Each structure stands twice: as structure tokens, then as C-alpha cells.
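Predicted, not measured: the structure shown is a model, and the values here were computed from it.
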Amino acid sequence: MTTISDDIYLERRDPAKNMARFYMLSIEPTLFGDVRLRRHWGRIGTRGQVKLHDFAKREEAAALLARLLRAKRRRGYGEA
């Protein structure tokens, strides 16, 4: 199994469609000893939106991160 970084930044740009988007994933500890997966996305240059997922175990957060990362790469997002 490969190791995935806790902080990932992806971009998708298509000038023909006037598309410039970003997508960030990060795994962070919470104050109560749990783990949080933070998803942050939007148009480049804007504040975007944030969604948080809390987990009891880091492995659960890493599994969701890997699944979301595969889906975004299939849609054309790449490392910036």
C-alpha cells in the first residue's frame, strides 16, 4: 500500500471552458483526540467552500481521502 500525504492540493484548469478550480484535502487532529478530514474546494482566487468529516481513527479518514483523491483525478484534477 502506498502512503498518501496528509495535505493534498489539486487544480483543474481549462481555458476553453473558463474553468480554474482547486480542491484541497487534509487530515488534521482535533482537540479531543479524534481525526478530521477537511475538504476545501472552489474557483481559484475565491474563498471556496469547506466540508469537515470527523473520525475516531486515522485509518478511516485516510480511506475517505484516498477515495476522494481517486475520484478527483478521474475528473481531471492534478497536482499543482
Requested in this report: Only counting residues at least two apart or in another chain, list the ones meeting side-chain hydrogen bond (donor to acceptor under 3.5 Å, both in side chains) with Arg12.
Outcome: none
Restricting to side chain to side chain contact (heavy atoms under 4.5 Å, CB included), what partner residues turn up for [X], sequence neighbours left out?
X	value
Glu59	Lys57
Arg73	Leu69, Glu79
Ala80	Tyr9, Glu11
Arg70	Ala66, Arg67, Arg74

**Report entry** Hphob cluster co-occupancy, Leu68 + Met24, side-chain heavy atoms under 4.5 angstrom
**Finding:** no
Report summary line: From the list Arg39, Lys72, Arg75, side chain to side chain donor-acceptor pair (under 3.5 Å) partner of Tyr23 resolves to Arg39
Requested in this report: Indicate the atoms forming the closest heavy-atom contact of Asp34 with Ala56, along with that distance.
Outcome: OD1-CA, 4.1 Å
Query raised in the report: So, for Asp7 and Ser26, which heavy atoms are closest and what is the spacing to 0.1 Å?
Result: OD1-CB, 3.0 Å
Requested in this report: List for me each residue that meets ring-ring contact (aromatic ring centres under 6.0 Å, His included) alongside Phe55, sequence neighbours excluded, and say none if there are none.
Outcome: none
Query raised in the report: With sequence neighbours left out, what residues match His40 under ring-ring contact (aromatic ring centres under 6.0 Å, His included)?
Result: Phe22
Report task. State which residue, out of His53, Glu60, Arg58, fulfils the side-chain contact (heavy atoms from CB on, under 4.5 Å) condition with Leu37. Result -> His53
Query raised in the report: Can you list every salt bridge (Lys or Arg N to Asp or Glu O under 4.0 Å) pair that touches residues 17-29, not counting sequence neighbours?
Result: Glu28-Arg38
**Report entry** CG-CG distance between Leu65 and Asp6, expressed to the nearest 0.5 angstrom
**Finding:** 8.0 Å
Query raised in the report: Roughly how far, to the nearest 0.5 Å, is the CG atom of Leu10 from the CD1 atom of Ile8?
Result: 6.5 Å
Query - For Asp54, all residues meeting salt bridge (Lys or Arg N to Asp or Glu O under 4.0 Å), sequence neighbours excluded - result: Arg36
Report task. Just jot down the salt bridge (Lys or Arg N to Asp or Glu O under 4.0 Å) partners of Arg43, sequence neighbours excluded, or say none. Result -> none
Query raised in the report: If you link I, L, V, M, F, W and Y whenever their side-chain heavy atoms are under 4.5 Å apart, who else ends up in the same group as Val50?
Result: Leu52
Query raised in the report: Hydrophobic cluster mates of Met19, side-chain heavy atoms under 4.5 angstrom, ILVMFWY only, any path?
Result: none
